[in-house]
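Contents: one structure, followed by commentary.
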Amino acid sequence: MALIVQKFGGSSVANRDRIFNVARIVADTHNEGNDVIVVVSAQGDTTDDLIAKAAEITHDPSGREMDMLLCAGEQISVSLLCMALGELGCKAVSLLGWQAGFITDRSHQKARIRKIDTERLECEVSKNQIVVVAGFQGICRSDDLTTLGRGGSDTSAVAIAAAMKADVCQIFTDVEGVYTADPRLVKKARKLPEITFDEMLELASLGAQVLNNRSVELAKKYNVQLEVLSSLNRAPGTIVKEVAKMEGMMIKGVAKDTNVSSISVLGVSDTPGMAFKVFSLLAQRKINVDLILQSSGRDGTRDLSFTVASTDRKLAVDLLNEHLAVFGGTSVEYDDDVAKVSVVGAGMQSNANVASTMFEALFENNINIRMISTSEIKISVLIEKADADRAVLAIHEAFLG
Ligand code: ADP
Ligand code: ASP
Ligand code: MG
């Protein structure tokens with residue numbers, strides 16, 4: 001008998017029929033003699049709708065009240081799924097994040113899991129019933145509710161799989177697995193039977209929303225066997241693991257991230273320590289910086305440009321303006337109409353042609369590159385947002401067409 005964690009995203013539980021569909025998948029797995037812990041997201045667009053409701057009231061809600069609100073979405077789906085399981089004759093119990101033992105830090109909306117107290121989970125599983133846990137949420141030391149950031153239910157599922165030493169963590173979604181690009185945008189995208197943790201981590205971090213990047217990080221750290229598959233059919237999905245068959249494919253995928261803004265601090269003093277001062281200021285507020293470009297010095301000054309998540313842009317610009325004198329900068333500029341497009345593949349390390357093939361595809365489509373960043377397994381470019389979809393199609397065609 002195995003212990004299986006199954007996670008179902010918002011579209012998989014969007015309405016009555018979908019909930020019964022999920023209940024049947026879960027019931028079948030349990031009836032085959034497995035212990036099953038299920039993690040669910042809020043139904044359909046519920047989380048977006050809740051965010052919109054808050055915006056009707058205030059433009060500056062406190063993190064605590066936002067999390068109090070957002071946790072409600074997942075509370076609805078866990079209870080409905082348990083009722084559906086009951087209708088199918090299965091014994092099931094729903095648990096909110098805090099009941100399932102999710103202890104997080106206090107950073108509302110991007111809380112990190114500190115630990116999972118598994119006592120309650122173990123106790124409920126031992127009663128030979130299905131346990132349904134609300135994804136995306138936890139509780140911090142001061143007993144306030146927290147959420148893990150958008151797409152965080154994937155992380156909840158992997159964290160439970162790691163803490164409970166599950167045999168496999170299955171992420172059910174609305175596509176059949178991980179593809180070489182978003183199959184909704186690129187019709188020719190191919191389903192990957194296998195992908196390595198490192199490649200998946202890059203794809204997820206670079207915008208392939210099919211898996212949340214922190215879930216992949218956790219899966220790699222605790223070596224959780226991860227599988228991505230469709231809740232709508234029984235087709236084989238994608239296995240994410242330490243070593244995957246290369247299948248002769250150097251490039252594994254193309255990803256697009258439109259949740260990105262570029263910021264430039266102009267006229268920074270051309271003296272040691274300035275980059276440290278700028279980026280430590282942002283790091284203190286947990287603002288992640290990605291592509292970085294420093295212009296060559298002139299007149300004793302430099303310009304420092306970088307990208308952040310759009311959701312962090314306002315805070316970053318406010319902080320930089322406030323501390324401008326510390327770097328001797330003259331002004332801060334930003335642009336929200338940008339996108340990051342990337343190619344990912346562990347096989348590209350030793351191939352000099354990857355960059356030139358990518359840039360050629362962009363050139364042929366008259367797409368201008370603003371910033372470039374490379375690592376052993378990816379190349380990213382920052383371009384205008386309006387060009388992003390064309391860029392993904394062109395780059396996918398060049399490598400995987
Ligand atoms: P869920 O609600 O199940 O968590 P998400 O919407 O978060 O689902 O993620 C699934 C979506 O991710 C798919 O519908 C697809 O459009 C998108 N996606 C982006 N890149 C990829 C990719 N490389 N492979 C598969 N899906 C992708
Ligand atoms: N409901 C949350 C969101 O929409 C968490 C998730 O779906 O994983 O971001
Ligand atoms: Mg998701």
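Count residues from 1 along the sequence. Only heavy atoms go into these numbers, but all of them, side chains included; no hydrogens, no water, no symmetry mates.
The existence of a salt bridge linking E199 and K378 is excluded, since no basic side-chain nitrogen approaches an acidic carboxylate oxygen closer than 4.0 Å. Between D389 and K256, at least one side-chain N (NZ, or NE/NH1/NH2) sits under 4.0 Å from a carboxylate O, which counts as a salt bridge. Salt-bridge annotation for D318 and R285: absent, with no side-chain N of the basic residue lying under 4.0 Å from a carboxylate O of the acidic one. The pair D105-K286 counts as a salt bridge, with a side-chain nitrogen and a carboxylate oxygen less than 4.0 angstrom apart.
When all heavy atoms of V210 and D154 are compared, the closest pair comes out as O-OD2, 4.0 Å.
For the salt bridge (charged side-chain N to carboxylate O under 4.0 Å, His left out) condition, the pairs that include at least one residue of residues 31-51, sequence neighbours left out, are D48-R150. Pairs engaging residues 102-145 under the ring-ring contact (aromatic ring centres under 6.0 Å, His included) rule: none recorded [sequence neighbours left out]. The list of salt bridge (charged side-chain N to carboxylate O under 4.0 Å, His left out) pairs with a residue in residues 203-229, not counting sequence neighbours, reads R112-E217, D198-K220, K220-E242. Among pairs with a residue in residues 3-27, those fulfilling ring-ring contact (aromatic ring centres under 6.0 Å, His included) read F8-F172, at least two apart in sequence or across chains. The list of salt bridge (charged side-chain N to carboxylate O under 4.0 Å, His left out) pairs with a residue in residues 113-134, not counting sequence neighbours, reads K115-D117, R120-E124, E124-K127.
Checking Q294 against D303 by side-chain atom types alone, no donor-acceptor pair falls below 3.5 Å. No side-chain N or O of T357 forms a donor-acceptor pair with one of E360 less than 3.5 Å apart.
For S153, the side chain to side chain donor-acceptor pair (under 3.5 Å) partners are S41, not counting sequence neighbours.
Under the 6.0 Å distance and 45° angle rule, R190 does not count as a cation-pi partner of Y179.
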